[in-house]
Every structure is written in C-alpha cells, then in structure tokens.
Protein chains: 2
Amino acid sequence: MRKAPTIRDVAAAAGVSVSVVSRVLNPESGPVAPAKRQEVLRVIDELGYRPRAAARELSAGHALTIGLVVTDLSNPFFARLADRIVWEARSHGVQVVLMTTQEDPHLEADSLDTLLDRSVSGVIATPTGGNIEKWRRLRDLGVNVVFIDRAIEELEDVDVVSIENFDSAQRSTEHLLSLGHTRIGLITGPLTTSTGSARLNGYKAAHQNASLPVDPTLIRDVPFRGDAGGGAVGSLLAMRQPPTALIVANTAQVQSSVRRLVQMGIDIPDELSLIVFDDNPWTELTTPPLSVIRQPLDMLAVHAIELVLGRMHGKLPDGARRIEVKADYLPRNSCAPLILSNAH
Amino acid sequence: MRKAPTIRDVAAAAGVSVSVVSRVLNPESGPVAPAKRQEVLRVIDELGYRPRAAARELSAGHALTIGLVVTDLSNPFFARLADRIVWEARSHGVQVVLMTTQEDPHLEADSLDTLLDRSVSGVIATPTGGNIEKWRRLRDLGVNVVFIDRAIEELEDVDVVSIENFDSAQRSTEHLLSLGHTRIGLITGPLTTSTGSARLNGYKAAHQNASLPVDPTLIRDVPFRGDAGGGAVGSLLAMRQPPTALIVANTAQVQSSVRRLVQMGIDIPDELSLIVFDDNPWTELTTPPLSVIRQPLDMLAVHAIELVLGRMHGKLPDGARRIEVKADYLPRNSCAPLILSNAH
DNA sequence: TACAAAAGTGGAACCGGTTCCACTCCGGAC
DNA sequence: GTCCGGAGTGGAACCGGTTCCACTTTTGTA
C-alpha cells in the first residue's frame, strides 16, 4: 500500500521545477526545452507517475467527466444507449458517471445534485419531465446539458437529440392503414412526455391524411414502467370492437405488451398485426419475428456526445440544437393485410 | 453562470471559521455548539451550498466512487447487473463510474489506469483474464477489488462473487441425461475463464456420475463476443452424430446461438432439447419458451456492493471472500425426453 | 554590437475542502 | 482557590495539481 508519486516527486527526480513537469503534461500551456521534456517523460515513465484527477479538477473547477442519467438499465434501449455513450466518451478521454432515475423526479433531482457536486462538465439525460427549475439551474451553473430521446418543452434552450417521433409513428400507422386496417390500437408513453405526444400526433396525422376518424378508445397512454403495457394490451383486446392492428410506440412497454400477447395466445399476424418501436435483438427471435421501428442508437449516442463535448470545448455556436435522426421501418412478419385477417 | 459558494463563503456568512463549518459537515470530526450548528445549517440552506467532491477527494486521498468494469452493456446480463449495482451503490451514497472492456485486456488496462487516476475506493469488475499484474498493483495501492461472475485464479486474495457454476452446469446436464439424452452439446466460454472451466467440469461430473463417457467433440469453448455461439451451433448440428440436446452455458453466447437455431428452423424441443444460461426477459417470448438457468443477479450485485463498501469502511476481516450464490433451474418448454425426439 | 523579442524556467498563489494543533473558556474535584 | 480536563473555536498547513508572473537566457534583426 505504498503511496503514488506526485508531480513534486517527478520534478525532484528530474531536477526541474513542478511548473516544467506541468507544462510537459499539458503541452499547450507553455514551452519546454526538448532535452528537459525527454528527461521529464523518462522520469514519469520510470516512476509510473499519473496525475491525480481530483487535483486537476479542483484547480480547473470542472471535471473531465459527464453524467449519464437514464431511467434504468434493465431496459435494453437504455442499456445499449449507455453502452454506446460510454464507448464514445472513452474515445474522447471522458469518463461517465452513471445514474438511474426509475422515472422518479425525486431520484432525478438527487442525481443532479450529486453530479453538480462532482463538477461534471456535461450531462446526457433522458429527463423524467419534472425538475424543470433544477435543470435550468444546472445549465446556468455552466453544465452542458443534452437531452436524449425525450425533451422538456419548457426548456427551449437545451439541446435535444431524438428520433423523428412524429414521422415514425405516422409511417407505421400509414403502413398498417395501407394493409387495410382501420382499427389500429396505439400504446404509447404518457402524453406529458415529448415522445408520447409526438408519436400520438403522428398516428393522428396518418388517419387525417387518409380521411379516417381517430377513435380515442384505441389509444392507451400508459406509464413507462411496470406492466402497464400488458394491461393496455389486455384492455384493448377485451373491447367489443377490438383493434385488428397494434402499434406499441414505446420501447419500455414492448416487453410487457408482447409477453401479454404471447400469454393470451394471440395469433400474430393473423389475428393482430403488430409493429413495435425499437429493434431489440430478441424481436427477431419471437414467432413470428416482429416488424419494428429501428431507432438508430448509434446516431443518438454519437450526436449526444458530440454536442456535449462540443459545448465543453466551446466549439459550438450559441443557441440550442434540436437533432432528429431518422428511424427506419424494418418489416418482418408481424403485419398482414386485413383481408387475410378476415379470412382466418 | 454565477459561481457556486464555497465553504469560506458559508463561514463568513455564518460568522464562524471554516473549521466549524467543516465540523458541521462531518459530525464525527469534532464538537460544535448547538446554536452555531443551527446557524451554519441555516446559512448552508440559504446559500444552497454543496461541498465540492473534488476538494474532498483531494484532501481525503480517495473518492466516494467505485468503478464498474464490465464487458459491454449490450449484453442484458451485464446491463441488469449494472442496473442493480448502480442502484445499490446510490443507496449507500456512492457513485459509479462505468467502463467497458469489450473483453479486450488493453481496454481493461486503460480502464484501470483511469480509475486509479480518479482515486476510486473500489472496483467491481468482470475481469477479462489478463492484466494480472495490474490488478495486483491496484489492490496494493489500496483499491478494494471485487470480481463478479468470473475469477482470476492467480489472484487468490481478491474477493469473488459468482454463481455456483460447477453445480448449475452439473444439474442441467443431469436433467438432460435423466430425459434420456446421451449426446449433449455444450457451448461455453473460453476455458481460460473460471466460468468456462467450472461449467465444463460440472458437465463432465454429471457424465461421470452417470458412468457415461464425455465426447470431447460435443464441447465448444468459444469466445464471448461476436457470433461465436452461432458458429458453434452450426458446427455441432453439422456433425455426423449431432447432439440431441444442447446446453448454452454462457449468457453472452445465448443470443447468437438461439438466433442460429431459429434461422436453421430447428424444432425445439422435438429435434433438440435446449437449456440456456440466464433468464433474460425474452427467453419466455420465444417459441417454445426456453428452459433456463436463472442467475440471481440481485444477489450478485448486493454481495458485490457489500464487499466493496465493507472493505472501504474496514469492517471486513482480512482474507479474500469467495461467495457463490445458487442459480435455479427454471424448466419451461425447450426440453423433451429423448424418446419423443426419436419418434419425430 | 546592441537591443528587442521570444524561449525557457522556477517561485508562489490558488482551487476548496479536511485536519492538526494551540488556545480560551467553563465546570467539577480536591 | 487551584488545578485539571474537556467542550468549543479559529488559524494555518496540507492534499496535488494549474497558472500567473518575474526573471534569465537565447535568438534574431538592424
């Protein structure tokens, strides 16, 4: 348990001052004679010296660290997102402190405080929708905030990276309409979230373009967590005029929805056509493989990191960016024309 | 972008010295008159003061942070594990810095250096198997290391939390043997990993107890990442005498293995009985639902956190702990007696 | 050859906490 | 009344980096 060498140890061993060592460590900060630089580097290597992050942070006032705040990692969507973000961050020499909110604004508030204590220079988050003042304060304190997947309307001046929610929902709905379905169920997140409302609007727009009325009883805006998706499936199929097609428009709800469909022994696509949001690896392992909206996670992660790092280095113009990346519709075998459905 | 108050601001506003404020912040560190304590707390609240973590770390020499080093979060096993660990850590006021290794010892080495720079007080890791000296050095520098899921044999004095690998493999094998199968394929991780070899040994022990020979051509020890699992499935089923049952003994390989089986149109369980390690949520969504060895993630996470925090607070006796938690066999519908297989 | 500009260097303050130590009170024991 | 011990307090050093500034040595140019 010997203790690690400090910059002063290095300076002494190399016969120079700490300033010189520091300048070797941060080449931009000043000139060093080539010979001394060599010597210092040699000593650093010999002693196995590594600068302590805490000291650097204290002096700099901020850490080369970003906070990642997501709902929970059990959700494969967030897990894969986190995976990419950690990966991208690492390649830029930035560490990631991970916090989960379980969709609870109190836990979210707590997380923000903690991240603030840590002087993180950026935060990538899927906001719960609460804590508006806290988010604003965070940004006012100089922390670069990027929302990913969801936005908070009240915070117009925060960067957002999301998929084309409106568009994807509209296209899925149109696809089902083109197959002859007119009663299309929609399971989506709370309408207070930007994703929930945008996807509902896309669904409505598709109906409008086809001059079809929207039956509000076919729409279920339910909580993200727990078995809300399964419950919604149950109640939709128990209707007197149940839908002949279903869009599960939120990743968090897909698992419980599909589980319920399997439990109920619903025949897909003959009894029900199904499109789900997000292409988890297992969606092609079900019978039949599911048609999905594939969210380009890589793009979400890359843009989010670029925004955060860009702002950290002051390389981005003022004004919030809103980046929407395209989500593809990936047809597999869970959708069928309505005619076939009737024939069944 | 106003700057946050420091401990000296608080001291000035409360009309006391910084020492008093510090003692209010850390009650164990000395006495404070009740009246002054009240006043200081009031000022802290009024100013919204929060101690900077970096300053505390610099002074203390270590951070209230642990590193979590896993292969990658795309693997649901690690994702759920990380979820639990972050959760448990938070409830103890500890933050988690996340790093992924992609099973690459170089990336692992990098991660360890970074964590060292950050003065983390503990690391929970799924080691790649390399970097033995580096792990040892980390521990010698006073960082509490706990390996989870896997061990490194050479590092006898590091705590390990894992499932009963030998036992689970033995029991799955015995179950399949009891169904009449004699040619049981085994897909597992590299034998250089502790899980790989323990599971193979359990498989062998079951054969031995049943006085059956082990056919080494039925065993595939393949890399964790990529499509190695799928490849192994392909080569096993292409044998002249293919197995009638298969155990996929590693979480990371289950997805690619099952995908290949689905692609090949193998009828489970009629053509092939299947047991896979770890109960991902989707394993019950396949046709048929898969019989699994369920790894008690919660227990792994809880034990790992308790070990790390216990050591951090010096509350644990010397000497490495090896904790093995029981993994249940959860029968669903992917295993059938051999007789039926033949009838098919 | 002279002198200004640039390169190179070290000392010391600073970031914001924690902790050691010296010092002042005060009450209780003798 | 004296002495002792503990509660309560503030000053200052310290953790390990970064950075500003003053100073010396080169280098380049007229």
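Sequence lines set the chain letters: A, B, ... in the order given, protein chains first and strands last, and positions in each chain run from 1.
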In whole angstroms, the gap separating P of C/dC21 from CZ of B/Arg23 amounts to 14 Å
Counting distance only, does the side-chain N/O of A/Arg52 pair as donor-acceptor with the main-chain N or O of A/Arg50 below 3.5 Å? yes
Let me know the distance between CG of B/Leu64 and P of C/dG17, rounded to the nearest Å. 15 Å
Below 3.5 Å, does any donor atom in the side chain of A/Thr6 face an acceptor in the base of D/dG17, or the other way round? no
Does any N or O donor sit under 3.5 Å from an N or O acceptor when you compare the side chain of B/Arg56 with the base of C/dG16? no
Quickly work out the B/His62 NE2 to D/dC14 P distance and round it to whole Å. 20 Å
Is it true that the side chains of A/Arg118 and B/Thr65 contain a donor and an acceptor less than 3.5 Å apart? yes
D/dG8 P sits how many Å from B/Gln38 CD, rounded? 14 Å
May I have the distance from A/Leu58 (atom CG) to C/dT18 (atom C1'), rounded to whole angstrom? 12 Å
Between B/Arg56 and A/Asp117, does the salt bridge (Lys or Arg N to Asp or Glu O under 4.0 Å) criterion hold? Intermediate values first, please. CA-CA 10 Å; B/Arg56 190 172 271 181; A/Asp117 298 348; over 6 Å; no
For A/Ile7 and D/dC14, what is the distance between atoms CD1 and C1' respectively, to the nearest whole Å? 16 Å
Audit row: A/Leu138, A/Leu115, side chain to side chain contact (heavy atoms under 4.5 Å, CB included) steps and yes/no: CA-CA 9 Å; A/Leu138 199 67; A/Leu115 290 175; 5.8 Å; no
Taking the side chain of B/Asn26 as heavy atoms from C-beta outward, which of C/dT9, C/dT18, D/dG10 is closest to it? C/dT18
Check every atom of C/dT9, D/dT9, C/dT18 against the side chain of B/Val32 and return the nucleotide holding the closest atom. D/dT9
A/Glu57 CD to C/dC15 P, in whole Å, measures 17 Å
Atom CZ of B/Arg118 and atom C1' of D/dG17: how far apart are they, to the nearest Å? 14 Å
NA contact type, A/Pro31, heavy-atom cut-off 4.0 Å: base, sugar-phosphate, or nothing? base
Are A/Thr128 and A/Asp104 side-chain neighbours, meaning at least one heavy-atom pair lies under 4.5 Å? no
Distance criterion of 3.5 Å, no angle test: do you see the side chain of A/Arg8 paired donor-to-acceptor with the base of D/dG17? yes
Between the side-chain atoms of B/Ser19 and the base atoms of D/dG11, is any donor-acceptor pair under 3.5 Å? yes
Counting only side-chain heavy atoms from C-beta out, which of D/dG10, C/dG10, C/dG17 sits nearest to B/Arg52? C/dG17
